[in-house]
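Throughout, a chain's letter reflects where its sequence line sits, starting with A, and its residues are numbered from 1.
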Amino acid sequence: MSGETQRMTMGKAINTGLRHALEGDPKVLLMGEDIGALGGVFRVTDGLQKDFGDDRVVDSPLAESGILGTAIGLALRGYRPVCEIQFDGFIFPAYDQITTQLAKIHNRSKGRLQVPVVIRVPSGGGIGAVEHHSESPEALFAHTPGLRVVAPSTPQDAYTMIREAVASPDPVLYFEPKARYWDKGDVDTSVFGTDASRASLDAAQVVRPGSDVTLVTYGAAVHVSLKAAEAAAAEGTSVEVVDLRAVSPLDTATVAASVRRTGRCVVVHEAATFLGPGAEVAARVSEECFYSLEAPVLRVGAFHAPYPVSKIEHDYLPSVDRILEAVDRLLSH
Amino acid sequence: MSGETQRMTMGKAINTGLRHALEGDPKVLLMGEDIGALGGVFRVTDGLQKDFGDDRVVDSPLAESGILGTAIGLALRGYRPVCEIQFDGFIFPAYDQITTQLAKIHNRSKGRLQVPVVIRVPSGGGIGAVEHHSESPEALFAHTPGLRVVAPSTPQDAYTMIREAVASPDPVLYFEPKARYWDKGDVDTSVFGTDASRASLDAAQVVRPGSDVTLVTYGAAVHVSLKAAEAAAAEGTSVEVVDLRAVSPLDTATVAASVRRTGRCVVVHEAATFLGPGAEVAARVSEECFYSLEAPVLRVGAFHAPYPVSKIEHDYLPSVDRILEAVDRLLSH
Amino acid sequence: MDQQTPAAEHVAESSAHPTDAQMIQLLTPSGERTAEGGSAPYAKRVAHLDHDALRGLYEDMVLVRRFDDEATALQRQGELGLFPQCLGQEAAQVGSGRALAAQDYVFPSYREHGVAHTRGLDLAQILLQFRGVDHGGWDTEAHNFHLYTLVIGSHALHATGYAMGVQRDGLVGTGDPDRDTAVVAYFGDGSTSQGDVNEALVFAATTNAPVVFFCQNNQWAISEPTTKQSRVPLYRRGDGFGIPGVRVDGNDVLASYAVMDEALERARSGGGPTFVEAFTYRMGAHTTSDDPTRYRSRAEEQSWRERDPIDRLRKHLESEGAWDQGWAEQVAAEADALGEHLRTYVRALEAPPASSMFDTVYASEHGTVTAERAWHAEYEAGFETSEVAR
Amino acid sequence: MDQQTPAAEHVAESSAHPTDAQMIQLLTPSGERTAEGGSAPYAKRVAHLDHDALRGLYEDMVLVRRFDDEATALQRQGELGLFPQCLGQEAAQVGSGRALAAQDYVFPSYREHGVAHTRGLDLAQILLQFRGVDHGGWDTEAHNFHLYTLVIGSHALHATGYAMGVQRDGLVGTGDPDRDTAVVAYFGDGSTSQGDVNEALVFAATTNAPVVFFCQNNQWAISEPTTKQSRVPLYRRGDGFGIPGVRVDGNDVLASYAVMDEALERARSGGGPTFVEAFTYRMGAHTTSDDPTRYRSRAEEQSWRERDPIDRLRKHLESEGAWDQGWAEQVAAEADALGEHLRTYVRALEAPPASSMFDTVYASEHGTVTAERAWHAEYEAGFETSEVAR
Ligand SMILES: Cc1ncc(C[n+]2csc(CCOP(=O)(O)OP(=O)(O)O)c2C)c(N)n1
Ligand SMILES: Cc1ncc(C[n+]2csc(CCOP(=O)(O)OP(=O)(O)O)c2C)c(N)n1
Ligand SMILES: [Mg+2]
Ligand SMILES: [Mg+2]
């Protein structure tokens, strides 16, 4: 462990990443609702306004389109805005700015202009919240060319990836698995800027090796996938877990390499299955590993229903049981 | 041909459907930008304000969120608003109202409330237009539970499906392939209300039978798929073409039945391939027809790039050549 | 002339705390009747409220506050996931709510428990949502009270569209007080920044829809003071849209009633929309998840406790000799009964069956849902089977 | 007091045609200098414009009109896919544009050819977009003139954010005329209905950003008259946000200059945003695809031809004795040269290579694009091979 390694929660890792980004570049600024004195509803920006001033950690008016639209203007003036959307379900008022402007200005200008805006979105479910506070809308952004869509699953990646997202010349949607904010892990801050770090917005990672089945997952669902892999191991099945980290671009090479070895693949995510990121993974794996697959690619995601009331959210989300059921189905094919 | 059958363009078929819907139910009203005296930029509502008054064919302020939001309010008061979005690329300011409100109010109210709003969207490319006027954003709606997403490909379906969309108790996004507005065909208006008509928002249709390869498509891409099928036939390949009609729900039974017969499948649409509707089709077909597939499911869609300048749009969109290339690849597998 | 107004003049009137004289006020903070200046024309609108009626308003506010207290306690006990109090806003809500006619229709945000009470809701139903067993919780049509909408500002457009429907139904300006109908959108100070709220003003103004925009400026949008949203008082927002605006002391139940009464009358009679700013204070936290000590001072909170809307009416009743101890005890007992009811009701609320998530996604059958429901049923049955097998 | 303004008063001033006296005007329609009432303070802002300068403005407008004519002709000949004229709006655009300093930054909509000209753009570059060979077409940073934005209203927020950046750069209120910087968002009357434009007012007001909202009310949003968007004059839109508003005769190049000059000065000096309504008329169709005969009368169009902004300045120059035939012929020749340049330039514009669609999707390498680009190259190469084979 290097001298720059510390044990911290994922929330703190993002906070630290933002702090270092603010320190490292005077053009970086944070914008969002309640991110100043309050430190954000999840305290991810805790202490930053105090240390960097309200000019660099800005409490915005309550208007997401306004936040993104002014962030684009700031980016055009040479700033690097990092916008916080308070909850996944509240990103949609900004959808037009993200989809028709942020994603396209670089292209519209034939590469003359860059809009390096980062959009942080606490997302996903499992925290017992009311409507709109538990969603996984990443597919609704990944389909749009011009955007990068990523989701860390560990404190280390949370740190590395927020630094790389801020450094990226492209707009990045950074989905934070809010249910995992309190998970602790070692974070080596010296990694930023290395090749490994730069790869974090593009390359999937095998986070648990295995030989019978490949679970492809990202964000909050990595946790439940690892638990399922462990449970499967107890029953004698060796499960490999691939953490995509990015939904756009999708690192199909890493996934395909794994599936070619295991011959079986389940995609797991909290987003609804229908037209969710798993559809693209399944389509590609089915195509690229056509001759290696021993069974069809299965998907374990949320159902085609609005995120349900919290008392039954665990029936809606992928669970260890549902993953194991899919693994069993593959093995008995 | 029944006495109610007439030959007309697809644009006229929609116009006629709207006229009949307005006649049939005093609660139906049309809303949108420039749909009154102008008759819409594509003249799809031509003459309707003159005949039904400006209270039922309403020129709205230039604000898509406002159009959708007030349409929801009108629906809650018992009206059946049919909203026109001027062009595909201008639907995004209304995205929040569609995604967080329209799609969810029925569910939020445990079924007590219905919001039967129809959203007509002239969509797709190939007409030599400037930016934002040629897009195919259907995947960005089909992923959201609570919405129905459909696209007619013939004048008959255009008529039938707009009538059924207006009659549906659920919100329906009705994507009109604008490049095909001027295509002519027979339209039997007496079909509305029959079982066949009711099925039009749910069931795919085999529009050309074949035995070697199945092309799965919808909307504007049906036309190019049929042309490709014809070209293939000339070279001795028998291609079946399935018109999905609905992207949500996806009639996988009809598609799977076809692919089980042909053993080969190409999905064709104007939407970008990455996370486009074809991803879901490919994922399902790969799963459901695992033992029937002689080759992987291929997809021919737009590339992961913003809709390009019109001078090269035909290189971006699926073409007869690109479809045939995919068919050849499958056959040589 | 307006068009040459220098910038300075525009900014002069800041959005910070107005004086009593800058708001419509009919009850001073110490409980005396007043009707100075611009407030004078409003006095006639509460002239018919006799002691019984005033005691009724008091009772309403006490019950609503008890609801807040009980719900907060239930949240602390883990029975609710979250709860947003309306503490401090009872006068604005009860006053405006009691001005509504039965046929009027309300689109609340998520903090309008006081209005809900005036619409005859069993307040316990509000807690279904915060218990996590329902996304809504009540029969909107039975109370002409729409579900809480959590996406800030989006319901302002629903209210406007609904009001456009009322117009089409011919229920504006008929002169029949039982038929003429108004629609109200309730929202907060922070909400005024959303595009949707401003688009609602555009649609309401151009259609002259019978809608009232009732903005409770409780001075905070979670941790952000109103100055982050506007540099002029919010009651002026309608100006540039052609919608008249009025600022009322939202801690004055009588003024809130009177101002709403006027706005509703304008709407119902065909006079079009009104923008009301009820200046009040969120005495509690934003929700039970919030920690206001991070962003505002105890002194500020204390100063507002001195303007408590319930105390104000109590003082007034006392000074009028309309305070009756027996009645007051009855109200307290009623509040206790409400508390008991809430506790029992909430604790008995069970999780719905998992399969219910498929039930109302669509009003018509949808293939994807049908297939997933079937899969889920089989999956659940599999567990039962395997449990039996063991 | 504003807060008791009855509804009637608010609606009294409709959004329809104002009289000359209700706008800032420095040149009457018949070309005489004027500076009545509210217009008086603006006269000093054009006092330095000598005959040369006035002729310069005339020349600008003539060139811009020729650009419109040529582009329209090119569209009719099938050389362009579409073209939106700024016909009739030359004074609003040239007048306001000539008030800009080099360091100021403009966010146009899609009709600001006149402003583009004042920013030194080769107008031919605007046609790349309408030829279908480029989504933009010029180097924004070389002219401090952003690309045309087609999604109505969205650039009002970009302008505001950009202005917030200018503030952060310390380029407001320094007192140095070469450094203090303003930002301008140009948009139309219809655009004022969009949530984004109103949110821009919220952000600009609360941050006191150095931005000018320059709304050209050309009375039509395609087929919809301004009354569909607002029931009060648009210059008042800023009122409820705390942003001063001013209505200028947009067919008066001097008044447009003066009003913009004042607004820019306010912005640059730290006085914050201004909302300008330039009242003008879209003399042509919305675009070459439009057919205005479906929704407006010839008589209306004719009446506005009589207020033609170029004629107005010409009359003024003539009455001042500043009209010089030799110079006028020079301008005409210059316009002819521009026409020739446009025709040659446009006709020579080739389609970019198909593969260019992959080139600037991302600024950094993106796996999906890399893979698809490679596939596409192979696919294209396949055709070449098979053609060779045949
Ligand atoms: C579109 C959207 N963005 C953000 C939120 C998160 N949020 C919930 S309440 C709130 C503050 C609302 O303030 P205000 O409108 O003043 O109402 P109050 O809560 O004070 O009654 C915020 C930011 C949301 N619900 N919706
Ligand atoms: C969000 C959006 N909706 C619809 C359109 C289609 N559209 C293009 S121009 C226009 C009218 C604009 O009117 P106005 O703002 O007055 O500007 P003008 O064209 O008169 O200059 C419309 C509706 C669009 N470009 N963007
Ligand atoms: Mg508030
Ligand atoms: Mg206009």
Against chain D, work out which of C/Phe203, C/Phe241, C/Phe275 has the most heavy-atom pairs shorter than 4.5 Å and name it.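 Top option by heavy-atom pairs under 4.5 Å: C/Phe241.
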Main chain of D/Gly240, side chain of C/Arg237: is a donor-acceptor contact present, judged purely on distance under 3.5 Å? yes
Counting heavy atoms not belonging to D/Glu300, are there more than 12 under 6.0 Å from its CD?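 Yes - once you tally the heavy atoms of other residues, nucleotides and ligands closer than 6.0 Å, there are more than 12.
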Can you tell me how far apart CG (D/Asn198) and CD (C/Gln194) are? Round to the nearest 0.5 Å. 12.0 Å
Tell me which one of C/Thr206, C/Asn208, C/Thr207 satisfies side chain to side chain donor-acceptor pair (under 3.5 Å) with D/Arg231.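 One option only clears the test, and that one is C/Asn208.
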Considering only heavy atoms, which portion of C/Gln229 lies under 4.5 Å from any heavy atom of chain D: side chain, backbone, both, or neither? backbone
